[in-house]
Number of protein chains: 2
Amino acid sequence: MSQQSGATLEDVAAVAQVSRATAARALNGYGYVGHGTALRVREAAEQLGYQTNRVAQALRSGRLRIIGFVPGDIQNPFFARIAHDVDVALRRRNYNVLIASSEENTDQERQVLAGLRALNTQGLILAPASTEDNHHILELVREGVPIVLIDRLVKDVACDSVTVDNEAGAWAAVEHLVAKGHRRIGLLRDEAPIFTTQERLAGYRKALTDFGIAFDERSVVSTKPTVGDAIAATGRLFKRRTSPTALLTLDSVMTQGALLALRSAGLSIPGDVSLIGFDDFALATFTDPPITVVAQPTAEIGRLAAQLLLERLEQRDLPPRIVRFQTELIIRGSVRCLPGQMNRD
Amino acid sequence: MSQQSGATLEDVAAVAQVSRATAARALNGYGYVGHGTALRVREAAEQLGYQTNRVAQALRSGRLRIIGFVPGDIQNPFFARIAHDVDVALRRRNYNVLIASSEENTDQERQVLAGLRALNTQGLILAPASTEDNHHILELVREGVPIVLIDRLVKDVACDSVTVDNEAGAWAAVEHLVAKGHRRIGLLRDEAPIFTTQERLAGYRKALTDFGIAFDERSVVSTKPTVGDAIAATGRLFKRRTSPTALLTLDSVMTQGALLALRSAGLSIPGDVSLIGFDDFALATFTDPPITVVAQPTAEIGRLAAQLLLERLEQRDLPPRIVRFQTELIIRGSVRCLPGQMNRD
DNA sequence: TCCGGATGTGAGATCGATCCCAGGTCATCT
DNA sequence: AGATGACCTGGGATCGATCTCACATCCGGA
């Protein structure tokens with residue numbers, strides 16, 4: 001590990017009284033090796049507790065069996081779940097996962113990626129912090145670095161990706177609210193220029209248009225991606241005279257903020273305000289009432305991203321594979337049917 | 001990253017028309033280098049976008065600037081938080097964090113550690129899966145591998161650690177319940193032989209003894225560490241005639257299971273059953289009522305573990321530093337004062 | 001003028017695994 | 001008998017960064 005890092009191939013060879021080359025052949029099973037010799041080498045290796053030095057191996061071969069995983073925030077259960085699935089899938093193939101969060105910051109993302117490249121990392125699973133500022137990512141793709149984008153896409157970059165149809169998801173949420181008679185539908189969003197937020201916002205606007213509801217700028221509140229800021233932002237939204245009868249929150253942090261803000265304002269869900277959150281998470285089923293959400297296939301994303309990456313590692317010239325999962329509206333108890341509406345569920 | 005991994009020191013030296021040795025001196029700032037030469041080299045490096053190859057560096061120096069982080073389960077918000085803090089603290093010092101979950105399995109832990117050792121990893125932050133089965137960990141410590149245990153200790157192993165006083169935490173929870181008049185206090189625990197669970201159980205038993213309550217084996221239920229199993233286990237506990245009036249859950253997964261089970265059994269909190277959970281988590285403040293918990297100083301653990309590790313990397317012969325944080329009982333609304341009891345809060 | 005130290009520079013070795021190639025020993029086949 | 005080829009083994013080079021050591025210079029002081 002660091003101190004006496006154990007026996008080297010040279011040591012094994014010495015004990016087995018052969019050359020390094022022969023020892024390597026015996027242990028890695030290629031080329032010609034005599035029966036007795038092979039046995040002696042394997043015994044020597046066993047006896048010395050020999051383990052190949054992955055660093056030396058990497059220098060020679062140019063490939064360190066490490067994959068970089070760069071989420072926006074590892075504390076977000078969404079990414080934690082993906083991290084776990086990626087770890088499991090890649091370890092099965094003898095890769096390790098190096099996790100380095102971008103903390104939703106493009107500069108940090110750049111630094112992290114530079115560090116990973118210097119490590120001869122074999123590939124990347126990345127949730128880009130920004131849709132626009134993508135020069136460094138384009139560069140990687142251009143150089144042929146195996147890379148799978150998750151959760152978010154980047155403009156003009158052709159590479160493997162696993163995302164979700166955010167626009168349709170938000171659209172479906174609004175449709176559901178409209179069907180229940182809501183027309184003043186507020187929106188709480190993260191202010192960062194993240195792909196998912198933009199798509200979800202687009203879905204919201206499209207739905208309003210489709211259902212003949214005028215878009216009201218004042219119904220949309222942007223805020224920093226912390227629960228505290230989300231609480232304050234929700235407060236602003238519901239302080240106005242004609243406040244919304246329903247609220248769509250664009251991610252789980254926003255949902256948590258909204259929940260706390262509404263509670264402390266004495267507004268009941270769904271009595272006073274109906275709520276739909278984007279992204280399902282444990283909390284949503286524990287509140288009273290449980291919250292209706294737009295769920296993403298969280299369990300699929302990490303597994304698939306790892307698989308795509310492994311395939312690309314084996315075959316570099318594959319065309320980009322772009323996967324979009326559909327979301328699912330999980331109806332729980334946080335949406336109320338407004339009076340004068342037929343409850344059609 | 002993997003394809004054309006960029007310029008090497010050799011290339012830089014060629015452009016600057018010097019030898020590798022001189023280029024290295026110029027870039028790393030040691031030995032004698034002429035002014036003009038140094039400038040030429042730096043310009044050449046700049047122009048070629050030279051980055052040192054960390055793998056080659058690691059082979060030469062025997063040290064790859066990577067730290068292994070081995071949690072029990074990266075999806076547990078407790079570990080996710082620690083992972084984040086460790087990542088931040090170590091990246092500041094140019095280390096990367098390689099995360100590999102043991103999934104609470106000793107065999108997998110062994111494999112993971114072997115993989116990390118083969119990588120020349122510089123150090124480890126580890127939450128051991130088992131208290132007993134510790135041969136592999138002892139071995140590492142004996143070899144002088146820098147290692148910091150978190151959350152859990154291992155028998156007979158003398159190394160740095162950052163843990164929490166679980167026994168006192170559980171004791172305080174029981175004390176609180178007793179003060180509110182409860183005497184039939186159930187316990188829901190993970191069945192795995194994890195250090196924290198054992199300590200918390202000990203605290204529970206000690207408190208019962210201290211308050212003159214007989215320990216009743218049937219009040220303690222063990223289960224696999226999944227929400228589903230915890231639900232079933234809770235069900236068993238409350239199906240008996242004289243079921244507990246209060247429940248202590250030993251980790252957040254158990255707490256979630258208990259919450260769902262009690263709800264579906266139509267038992268209200270705290271009306272029918274009082275509840276205290278070990279480990280605070282977002283959910284606890286969102287339920288109705290919010291849940292009284294034994295909180296750990298989650299924000300401190302990762303930061304401190306990283307710091308201890310960095311210190312040890314610089315100075316190997318430090319004596320083991322053993323840090324125990326105190327827990328904090330956060331009183332919310334899930335404990336009821338039984339009739340005939342003075343409410344002393 | 002000559003010498004010692006300060007100053008610059010490069011050749012070569014090293015880290016450990018891997019692989020090419022040359023050299024060797026056999027047995028078999030013509 | 002000589003040749004062909006299968007089988008086995010080791011020497012040495014390679015990956016890229018770093019460090020030791022030897023070799024140059026050039027200066028001021030003796």
Side-chain angles (χ1 to χ4, degrees), chain A residues 1-42 44-45 48-65 94 115 117-122, chain B residues 1-42 44-45 48-65 94 115 117-122:
Chain A
M1 186 83 66
S2 70
Q3 303 282 72
Q4 52 261 51
S5 193
T8 72
L9 187 60
E10 177 104 49
D11 301 331
V12 174
V15 170
Q17 310 214 303
V18 295
S19 70
R20 290 177 347 269
T22 303
R25 275 189 295 261
L27 294 174
N28 300 329
Y30 65 96
Y32 291 111
V33 190
H35 269 94
T37 315
L39 193 64
R40 272 204 333 277
V41 171
R42 278 195 297 269
L48 295 174
Y50 171 76
Q51 267 196 300
T52 69
N53 180 327
R54 289 172 67 187
V55 171
Q57 207 170 40
L59 178 59
R60 181 84 227 285
S61 67
R63 44 190 80 251
L64 188 57
R65 291 182 80 89
N94 291 321
R117 112 167 303 183
L119 260 181
N120 280 16
T121 300
Q122 280 310 285
Chain B
M1 186 83 66
S2 67
Q3 303 283 72
Q4 52 261 53
S5 193
T8 72
L9 187 60
E10 178 104 50
D11 301 331
V12 173
V15 169
Q17 310 215 303
V18 296
S19 69
R20 286 177 351 266
T22 302
R25 276 190 292 260
L27 293 174
N28 299 330
Y30 65 95
Y32 292 111
V33 190
H35 269 95
T37 315
L39 193 65
R40 270 202 337 274
V41 171
R42 279 195 297 269
L48 294 175
Y50 170 75
Q51 269 196 299
T52 76
N53 180 326
R54 289 172 66 187
V55 171
Q57 207 170 42
L59 178 59
R60 183 83 228 285
S61 67
R63 45 190 80 254
L64 188 56
R65 291 182 80 89
N94 290 321
R117 113 167 303 182
L119 259 182
N120 279 15
T121 299
Q122 281 307 284

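By convention in this document, chain letters (A, B, ...) are assigned in the order of the sequence lines, proteins followed by strands, and residues within each chain are numbered from 1.
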Measure the distance from [atom1] on [X] to [atom2] on [N] and round it to the nearest whole Å.
{"X": "B:Leu9", "N": "D:dC19", "atom1": "CG", "atom2": "P", "value": "12 Å"}
{"X": "B:Leu48", "N": "D:dA17", "atom1": "CG", "atom2": "P", "value": "12 Å"}
{"X": "B:Gln51", "N": "D:dT18", "atom1": "CD", "atom2": "P", "value": "13 Å"}
{"X": "B:Leu64", "N": "D:dA17", "atom1": "CG", "atom2": "P", "value": "14 Å"}
{"X": "A:Arg25", "N": "D:dG11", "atom1": "CZ", "atom2": "C1'", "value": "11 Å"}
{"X": "B:Arg63", "N": "D:dT18", "atom1": "CZ", "atom2": "P", "value": "13 Å"}

(Q) Need two values: the first and the last nucleotide of DNA chain C, 5' to 3', having an atom under 4.0 Å from any heavy-atom of chain B. (A) C:dT7 to C:dG16

Could you tell me the separation between the [atom1] atom of [X] and the [atom2] atom of [Y], rounded to the nearest 0.5 Å?
{"X": "A:Thr8", "Y": "A:Asn53", "atom1": "OG1", "atom2": "CG", "answer": "9.0 Å"}
{"X": "B:Arg65", "Y": "B:Gln57", "atom1": "CZ", "atom2": "CD", "answer": "8.5 Å"}
{"X": "A:Thr37", "Y": "A:Arg42", "atom1": "OG1", "atom2": "CZ", "answer": "10.5 Å"}
{"X": "B:Leu59", "Y": "B:Asn120", "atom1": "CG", "atom2": "CG", "answer": "8.0 Å"}
{"X": "A:Leu64", "Y": "B:Arg54", "atom1": "CG", "atom2": "CZ", "answer": "9.5 Å"}

Q.
Categorize B:Thr37 for me: base, sugar-phosphate, or nothing, with a 4.0 angstrom heavy-atom threshold over every strand shown.
A.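 Sugar-phosphate contact only - B:Thr37 comes under 4.0 Å of backbone atoms but never of a base.
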
Q: For A:Val55, report the nucleic acid contact type (base, sugar-phosphate, nothing); a contact means any heavy atom under 4.0 Å.
A: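 Touches nothing.
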
Q: Over all heavy atoms of both residues, which pair between A:Val41 and A:Val12 is shortest? Give the atoms and the distance, please.
A: O-CG1, 3.8 Å

Q: Would you name the heavy atoms of A:Ala13 and A:Arg20 that are closest together and state the gap between them?
A: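 Closest pair (atom of A:Ala13, atom of A:Arg20, distance): CB-N, 3.8 Å.
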
Q: Verify the contact: side-chain N or O of A:Thr22 to OP1 or OP2 of D:dT9, cut-off strictly under 4.0 Å; return yes or no.
A: no

Q) Would you say A:Tyr32 reaches D:dT9's phosphate, i.e. side-chain N/O to OP1/OP2 under 4.0 Å? A) no

Q. Pick the nucleotide of DNA chain D nearest each of B:Tyr30 and B:Ala56; which residue has the one closer to the 5' end?
A. B:Ala56

**Q.** Residue mapping more 5' on DNA chain C - nearest nucleotide basis, B:Leu59 or B:His35
**A.** B:His35

